[in-house]
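Residue numbers begin at 1 in each chain, while the letters A, B, ... track the order of the sequences. Given the structure is predicted, the values throughout are model-derived calculations rather than measurements.
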Amino acid sequence: MTDRDTTPAIEFRGVVKRFGDNTVLDGLDFTVAKGDRVTLIGPSGSGKTTILRLLMTLEESNGGLILIDGEPYTHEMRGGKRVAVPEKRRRQVRRRVGMVFQQFNLFPNMSVLENIIEAPVHVLGLSTAQAVVRAEELLEQVGLADKRDARCTQLSGGQQQRVAIARALAMDPEILLLDEVTSALDPEIVADVLGVLREVAETTDITMLIVTHEMQFARDVSNRVLMFDHGRIIEEAEPEVIFTAPREERTQQFLSAVLGEDTADRS
Amino acid sequence: MNDIWSWQRAADVLPLLLEGFRITVLATVVGMAIASVLGLLVALVRRAPSRWVTLPVGFLVEFIRSTPLVVQLVFVYLLVPGLSSLTIGFLVLGVHYATYMSEVYRAGIDAVPRGQWEAATALNLPRARTWRAVVLPQAIRKTLPGLGNYAISMFKETPFLFAIGVVEMFTAAQQYGSSNYAYTEAITMVGILFLAASYPTSVLVRRLETRLA
Ligand SMILES: Nc1ncnc2c1ncn2[C@@H]1O[C@H](COP(=O)(O)OP(=O)(O)OP(=O)(O)O)[C@@H](O)[C@H]1O
Ligand SMILES: [Mg+2]
């Protein structure tokens, strides 16, 4: 193995995040290896979304460092002091990170195709023609080739989310953040979206950080599960282990609560 | 004494009124063009991170908004030599309404959901591109009814231009009235012309409002 391969894709070093006087993360440490598929589980308010938002620079941390491929991302130590990395350098690192949101957040003023080619053209510098070719491949992959010229507002939630996945993939991210991407969808559409994500997981080596209540999906796709409580990792294991024989009582409680409400576990 | 209404006089004054109407419409169109562009700039500048920028601009906007249009017209007319009355009229109308339009833009920009900004960040779009391709198109769509309403209100305020000697429709009517000792026809027709232009516009604006809502 080369040196590069052992550098973690993501490293949190003592990350602190506060909202007012609510300390959500109090010195969080964890690493995610390249190509890992990590699912974050834990009760509401345990900080899962906050972690993804910090990785997307949608929130500013109050302490500690976040490294991507070993590079300081939002803050760095300089002369013994923690200083913010300038936006210009953040951009270079952020290019490797993509995110799919619970609420899709497609641009309603653009067509499906325009949504997908916007960033490849204006961030990666592809020609429109190149970007369109790639966008069409991705639309094919998510099963929406025929919606190329539709307005996003005319699509169903499940379709919008698949476009959002295509839009994120069009940037060729090394790291993909998925925050409850099926929570806003009707149950019968959830499977379509998860199917698309399963295929992404099988056909690429993108590092994925997944927050989901779809435990069967988490089990199939991820190779590691982190159980959070009050901003701390209280248990960490392979999915087979954590879902069948969780060590911590807190994890057992949480899982039985989640799986209890979802007895018709889609397996 | 004259009759109360003479069709002859009505026919005589009509061409004068129509010329005045042309000026009125021109002032509104040019004034709103200035107000739309300048208003957007003001709205953007007022979001600048530095207080050294936002405070003076904010003060100026408040100042303009809280003094009467007619005072501003005369003030600029007396203070700035070498510009035609009409040019001053365009500029003052434009700047005055830019302060209103900036609020319309501000509301439109604030109404763009946070998720749109976040998606733009997640795609790493440059700041300028986020504004141009994502935020402004959505914000401006929401400002169209406000723009229409202010256009109507500016249209109805153009008679103030008489204070600096611009012969718009109302002034034309008055001039005709005082030289012929007969105001009825001219003033009535001014009212009708204003109504004829404002009413369809406001219906249009209301339609726009419901369609964009
Ligand atoms: N913008 C914010 N302002 C104030 N507090 C916030 C904000 N965002 C999150 N929090 C707080 O941070 C804590 C962690 O929230 P977070 O959204 O990360 O939890 P979560 O694990 O994603 O929960 P859920 O499962 O409900 O999505 C909560 O206590 C929440 O109230
Ligand atoms: Mg969450």
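Counting all heavy atoms, side chain and backbone alike, B:Ala133 lies closest to A:Met110 at O-CE, 3.4 Å. What you find for B:Ala119 and A:Phe101 is that their closest heavy atoms are CA-CE1, 3.9 Å. Here the shortest heavy-atom pairing between B:Gln138 and A:Asn109 reads NE2-OD1, 3.3 Å.
Between the side chain of A:Arg95 and the backbone N or O of B:Asn124 there is no donor-acceptor pair closer than 3.5 Å. A:Asn105 contributes a side-chain N or O that, together with a main-chain N or O of B:Gly115, makes up a donor-acceptor pair within less than 3.5 Å.
The stretch residues 186-204 of chain B places none of its residues near chain A, where near means some heavy atom under 4.5 Å from a heavy atom of that chain. Of residues 166-173 of chain A, those residues with a non-hydrogen atom less than 4.5 Å from any non-hydrogen atom of chain B are, in numerical order, A:Arg167, A:Met171. Inspection of non-hydrogen atoms places A:Glu118, A:Ala119, A:His122, A:Val123 of residues 117-125 of chain A under 4.5 Å from chain B.
Proximity to chain A (any heavy atom under 4.5 Å) is restricted, for B:Arg114, to the side chain, taken from C-beta onward. A:Phe107 touches chain B through backbone and side chain together, each having a heavy atom under 4.5 Å away.
For the set B:Pro113, B:Ala120, B:Pro126, the entry with the most heavy-atom pairs within less than 4.5 Å of chain A is B:Pro126. Ranked by non-hydrogen atom pairs under 4.5 Å with chain B, the options A:Leu177, A:Leu58, A:Val97 are led by A:Leu58.
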Under 3.5 Å, which donor-acceptor pairs link side chains of residues 43-58 of chain B to any protein atom two or more places apart or in another chain?
from    : atom 1 : to       : atom 2 : distance (Å)
B:Arg47 : NH1    : B:Asp110 : OD1    : 3.1
B:Ser50 : OG     : B:Trp52  : N      : 3.0
B:Thr54 : OG1    : B:Ser50  : O      : 3.3

